[in-house]
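Beneath this line is the structure, given in structure tokens, with notes to follow.
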Amino acid sequence: IFGFLLPHEVATLPSPEQARREIIALTGVEVIDWATGLPELGSSAARSWEQSEDERQSRMYDQMVRLGRLTAEERMLNLFLDLYHRLKNAGLVQEDTLKLPLTQELLADALGLSVVHINRTVQKLRAKGYITLRSGSITLHKPHHLASLACYELPPLGAVAGETPTWQRAS
């Protein structure tokens, strides 16, 4: 697993030449064909498309660093913080709690660790009071503090509390 797409994020579907690359949905999804929808969505959608390409590339680099340089605890916290900030930007975090429909097997695949190591790491993070896991959701306690522990670069202040582009708002 190279990454996770979240609500309000743009995906590029693999072409037939990229047969080994797949996108698998863990929850319900809505797909919009940008090729046909772009003209009516306007220039803000085009800018968002270009920005999404940069963001995906940046997340891929972050994933490489996560796998290559961080300890198991740092990897897990770093991934949780990344998901937290991206979901917060989409308005899907309440009181530092977010839905996390990921099994330990999926986390293991994404973090390059065994399932046993994931389980032990989750137990350590719980015991230290960093996280609370409950039936498909996770609470990150003191995310700013966790960021310093997990080598996680906090997004700019405006990025988390930023407005949703007009083309993404519900009508």
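The model shown is predicted, which means the values in this text are computed figures rather than measured ones.
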Worksheet item: Can you name the nearest heavy-atom pair linking N78 to A150, along with the distance?
Response: ND2-O, 3.0 Å
Worksheet, complete the sentence: dist L133:CG -> L100:CG (nearest 0.5 Å) comes out at 7.0 Å
Discussion item. To the closest 0.5 Å, what do you measure between NZ (K99) and CG (L83)?
Written reply: 14.5 Å
Worksheet item: Could you walk me through whether L77 and Y152 pass the side chain to side chain contact (heavy atoms under 4.5 Å, CB included) check?
Response: CA-CA 8 Å; L77 287 174; Y152 181 79; over 6 Å; no
Worksheet item: Quick one: do L70 and L125 end up in the same hydrophobic cluster if we chain Ile, Leu, Val, Met, Phe, Trp and Tyr together by side-chain heavy atoms under 4.5 Å apart?
Response: no
Practice prompt. Measure across E74 and R69 and return the closest heavy-atom pair with its distance rounded to 0.1 Å.
Written response: OE1-O, 4.4 Å
Worksheet item: What distance do Q94 atom CD and K88 atom NZ have between them, rounded to the nearest 0.5 Å?
Response: 10.5 Å
Fill in: Verdict with supporting geometry, R66 and D82, side chain to side chain contact (heavy atoms under 4.5 Å, CB included)
CA-CA 11 Å; R66 187 180 295 130; D82 178 54; 3.9 Å; yes
Practice prompt. Could you tell me the separation between the CD atom of Q104 and the CZ atom of R120, rounded to the nearest 0.5 Å?
Written response: 11.5 Å
Fill in: Atom pair CZ (R75) and OG1 (T121), whose distance is rounded to the nearest 0.5 Å
9.5 Å
Worksheet entry | Candidates I131, L146, L102, L98 - the one meeting side chain to side chain contact (heavy atoms under 4.5 Å, CB included) with F80 | I131
Worksheet item: Do L106 and T103 come within less than 4.5 Å of each other through their side chains, counting heavy atoms only?
Response: yes
Discussion item. Main chain of H141, side chain of D96: is a donor-acceptor contact present, judged purely on distance under 3.5 Å?
Written reply: no
Fill in: Minimum heavy-atom distance between L81 and P143, given as atom pair plus value
CD2-O, 3.7 Å
Fill in: L149 CG to T71 OG1 distance, which is reported to the nearest 0.5 Å
10.0 Å
Worksheet item: If you count the non-hydrogen atoms of other residues, nucleotides and ligands that lie under 6.0 Å from CZ in R126, is the total more than 12?
Response: yes
Worksheet item: Under a 4.5 Å cut-off applied to non-hydrogen side-chain atoms, are L107 and L79 in contact?
Response: yes
Practice prompt. Kindly indicate whether the side chain of I118, heavy atoms from C-beta on, has any atom under 4.5 Å from the side chain of M76.
Written response: yes
